[in-house]
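Data first, discussion second: the structure below is written as structure tokens.
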Amino acid sequence: MTPSDPDGAAARIARLRELLAHHSYRYHVLDDPEIGDAEYDALYRELQELESAYPDLVTPDSPTQRVGEAPVSDLVKVDHLQRMLSLANVRSAAELRAWIQRMRNFLAREGIEEPSFEFVAEPKIDGLAMSLVYEHGLLVRGVTRGDGQTGEDVTHNLRTIAQIPLRLRGAEPPALVEVRGEVYMSLPDFQALNERRAAAGESTFMNPRNSAAGTVRQLDPRLAAGRPLSFWAYQLGVVSGGLGFATHRAALEWLREAGFPVHPDIRVLASEDAVVAQCEQWQQRRGSLDFEIDGVVVKVNDLELQRRLGVVGREPRWAVAWKFPPTTAVTTLLDIGWNPGKFGDLHPYAMLEPVHVGGVTVKQATLHNEEDLARKDLRVGEPVIVLRAGDVIPQVVAPAPHVAERSARPQRPRPPEHCPVCGTRTVKPEGSVFTKCPNHACPGRRIQLLTHFVAAMDIEGLGERQVLAFMERGWVQGAADIYRLREREEELVEIPGYGETSVRKLLDAIEASKTRPFGRVLFAIGIEEVGDVTGRALARQLGDIDTLLNASPDELEQTPGVGPKMAAAIHAQLADPAMRALIAALREHGLQFAQERTLGREGTLAGRTIVLTGTLPGITREQATEMIVEAGGKVTGSVSKKTDYVVAGASAGTKLARAEALGVPVLDEAGLLGLLATGPDVKS
Ligand code: IVH
């Protein structure tokens, strides 16, 4: 079958790609396949075989390349070609009408009397906004919304989404077109993913939006490919070289023909009443859709009118979001559970009769803390209101209506007298509103403390689940044991879900954490009251661990941000023998317990502003940032005339171009290191 001449192969490859793109579109976008899976797979395999025989003929728009990309080491920040706007909200018919009236008033001032409005109403999909850039029909970049100005390059993951065309359909694509839309996870895909994760003993995602967000920001596209994401297109951004539409509706039509999924029930509406009716209809349909929506977006159809109406602040005048009321449900509070946090504080959570809220089943909800629980006046056995708003963790907000007026109510819940994890008698320290498990060795506390440690030390591949697994095996009891895992390499490989490569990676990540600066180590070891910022401040002020351990409360108080109460608390904790033992052990493992005493203002980069772009060969973006900040410099996200230097690595984006346009000096990694060492006065 395989043609032996390259020309024959090239022609067949081109034909196969066309066929596969067509059938993928029929299947994933139109939901109307013409051939079966087996037939599709046969075509796909034929293409794979031809491409491996003729690797020179592999192109980035080949369907075989959807998962072809190597993991990236960092998400690169990219400036948008055109700002991605937000939307003003309306919450009632009256507010919607007021919006339309405001547009009329505005246009009247511009000399346009009696504009004849047509509107387009679209579902407001609860996912993540994306900007997709196509050059001459080829997908070149996909960027998250970010702050609207600058987003993150996630092309490697977007390429895995079958609904996003790698090449636009149609004969004459414009030189450049930016397609905007929402990446989301459908409810059935979300449920299936969570079931798979639960079965594999992995943590489950809170809601479809979170799981889509987590997936799209993965560094390794293979991970994204394993988690099904979908896409709806809803807007054209920048266009150059072709495409001139009069209406938004026509732009949506073009998007559909170019191969994007556009929701079929998007309507053009001619009156205010029709718009209100349509919004109400979407609100009713909300529960029967297979993806989550949190409102309806209403847009002016005429693009010339849109242009005239323009933008105020971050919001266009020509569009609004009709927001649905937040999703609530009533269910029974079955019980209240308590979990010790990293310092022993018992955190309450609600166990609920399972209830469907906004597309997911909720069985547990957060109650934040003891005070919050008391304020809400909840009682076990009574009906309560559960709220799930957007991407927020479900919460119990209050007893159901009229419950509080009942004459006979169950007792107020009280924190347990014994820690639910280790059984130690709980205490309520004087002056505190929180009940605590005082046992430093409590496994519940230790899990939280260790999870905090690995997160603070940025050890990739180690999360709560892994920490728990290592604790259960008795391999890890405290933070220092993490640095002894190396001795268990062979046993680690045996753990289900691990393999030689992932164990290697994990051990490398643990090793790499030894370079985290002193300030971060102070944050990670879990000193109550010492957060990230205070950790750095202490490191900068005291310089090394011996000085810190010998410092009096008065000396600690010299640290910016540390008051007398905090100084006393830190002093007492540092005197604790267990804390001393932990510090000694970590020190032995080679963690950083000293730092250069450069105070920011005196550093080599004092007062300089630096922008990082692209991937540097030897240091991560985080390390570069840390080094610059240590030297007194500032790292910002976008290039302006005030930028002193741009440090550019591989696949630098638009920031590099902007630096060149503005004449801002551009450095590579070596240039940055030189600058750090000698300061800006010496030419690097
Ligand atoms: S239009 C000016 N259309 O809503 C146009 N946005 O608050 C702005 N969204 O970040 C976007 N569905 O993530 C538009 N059909 C739709 C949408 C939609 C969801 C999201 C999008 C954006 C946010 C705006």
Side-chain angles (χ1 to χ4, degrees), residues 80-91 95-96 99 103 119-132 142-152 154 158 163-164 178-186 207-210 212-213 216-217 229-239 245 247-249 251-253 255-256 260-269 275 278-279 281-283 285-286 289-303 305-324 358-359 389-391:
H80 289 299
L81 301 175
Q82 189 179 75
R83 200 149 59 108
M84 291 184 82
L85 300 171
S86 323
L87 290 172
N89 294 333
V90 295
R91 292 175 199 280
E95 286 182 18
L96 186 102
W99 164 63
M103 287 197 291
F119 301 96
V120 178
E122 305 169 0
K124 186 166 188 300
I125 307 113
D126 200 7
L128 293 115
M130 289 293 151
S131 154
L132 308 177
V143 184
T144 62
R145 178 174 184 281
D147 62 4
Q149 203 83 44
T150 307
E152 286 174 323
V154 291
L158 297 184
Q163 288 185 323
I164 293 181
E178 186 197 2
V179 174
R180 292 184 174 176
E182 202 87 350
V183 163
Y184 68 98
M185 190 173 285
S186 77
N207 58 47
R209 201 190 120 84
N210 279 359
V216 107
R217 299 193 67 253
L229 291 176
S230 304
F231 186 73
W232 287 119
Y234 55 64
Q235 192 81 21
L236 274 184
V238 174
V239 179
F245 301 117
T247 62
H248 177 59
R249 175 79 223 186
L252 292 179
E253 282 310 328
L255 282 170
R256 184 173 284 143
F260 294 95
V262 174
H263 200 277
D265 292 337
I266 293 176
R267 297 269 154 79
V268 176
L269 305 155
V275 173
Q278 185 68 12
C279 288
Q281 214 179 61
W282 276 112
Q283 197 158 320
R285 278 182 69 182
R286 181 187 199 183
L289 297 170
D290 71 358
F291 53 94
E292 290 207 310
I293 64 176
D294 58 354
V296 182
V297 182
V298 184
K299 301 173 183 172
V300 168
N301 192 24
D302 186 318
L303 295 182
L305 270 184
Q306 282 192 5
R307 202 185 57 72
R308 295 268 193 145
L309 284 160
V311 174
V312 250
R314 299 157 61 96
E315 294 160 0
R317 277 198 191 81
W318 47 266
V320 287
W322 166 290
K323 290 284 263 197
F324 296 152
D391 54 355

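Just so it is clear, the model here is predicted, and its values are computed rather than measured. Note that ligands are numbered from 1 as they come in the structure, with each ligand's atoms numbered from 1 the same way.
The nearest heavy-atom contact from the protein to atom 13 (O) of ligand 1 is E182 OE1, 2.7 Å. When hydrogens are left out, the protein atom nearest atom 7 (O) of ligand 1 is L87 N, 3.4 Å; that is the closest non-hydrogen contact. Of all protein heavy atoms, the one lying nearest to atom 11 (C) of ligand 1 is Y234 CE1, 3.9 Å. The protein non-hydrogen atom at the shortest distance from atom 12 (N) of ligand 1 is I125 N, 3.1 Å. In this structure, atom 2 (C) of ligand 1 lies nearest to the protein heavy atom P316 CG, 3.4 Å. At the shortest separation from atom 15 (N) of ligand 1 among protein heavy atoms lies E122 OE1, 2.7 Å. Nearest protein heavy-atom neighbour of atom 23 (C) of ligand 1: K124 NZ, 4.0 Å.
Interface atoms of ligand 1 facing A129, defined by a heavy-atom separation under 4.0 Å, are 10 (O), 13 (O), 21 (C). In summary, the atoms of ligand 1 found under 4.0 Å from a heavy atom of R145, numbered by their order in the structure, are 10 (O). Set against the non-hydrogen atoms of P123, the atoms of ligand 1 under 4.0 Å away are 12 (N), 15 (N).
Rounded to the nearest 0.5 angstrom, F324 CZ and D126 CG are separated by 11.0 Å. Of the inter-residue distances, the one linking D147 atom CG with R83 atom CZ reads 10.0 Å to the nearest 0.5 angstrom. For the atom pair CD (Q283) and CD1 (I293), the distance works out to 9.0 Å, reported to the nearest 0.5 Å.
The proximity of M84 to ligand 1, defined as any non-hydrogen pair under 4.0 Å, does not occur for either the backbone or the side chain.
With sequence neighbours left out, the side chain to side chain donor-acceptor pair (under 3.5 Å) criterion links T150 to D79. Taking R285 as the reference, D265 meet the side chain to side chain donor-acceptor pair (under 3.5 Å) condition, with sequence neighbours excluded.
Remark: distances from the non-hydrogen atoms of R180 to ligand 1 are all 4.0 Å or more. Distances from ligand 1 to the non-hydrogen atoms of G181 include no value under 4.0 Å.
Ring centroids of W318 and H248 are separated by 6.0 Å or more, keeping the two rings apart.
Geometrically, ligand 1 and W318 share no nitrogen or oxygen pair separated by less than 3.5 Å.
R317 places no side-chain N or O within 3.5 Å of a backbone atom of V312 that could act as its donor or acceptor partner.
With salt bridges taken as basic N to acidic carboxylate O contacts below 4.0 Å, none links E292 and R209.
Screening V143, V179, V216 for a side-chain contact (heavy atoms from CB on, under 4.5 Å) with M130, the sole residue that qualifies is V216.
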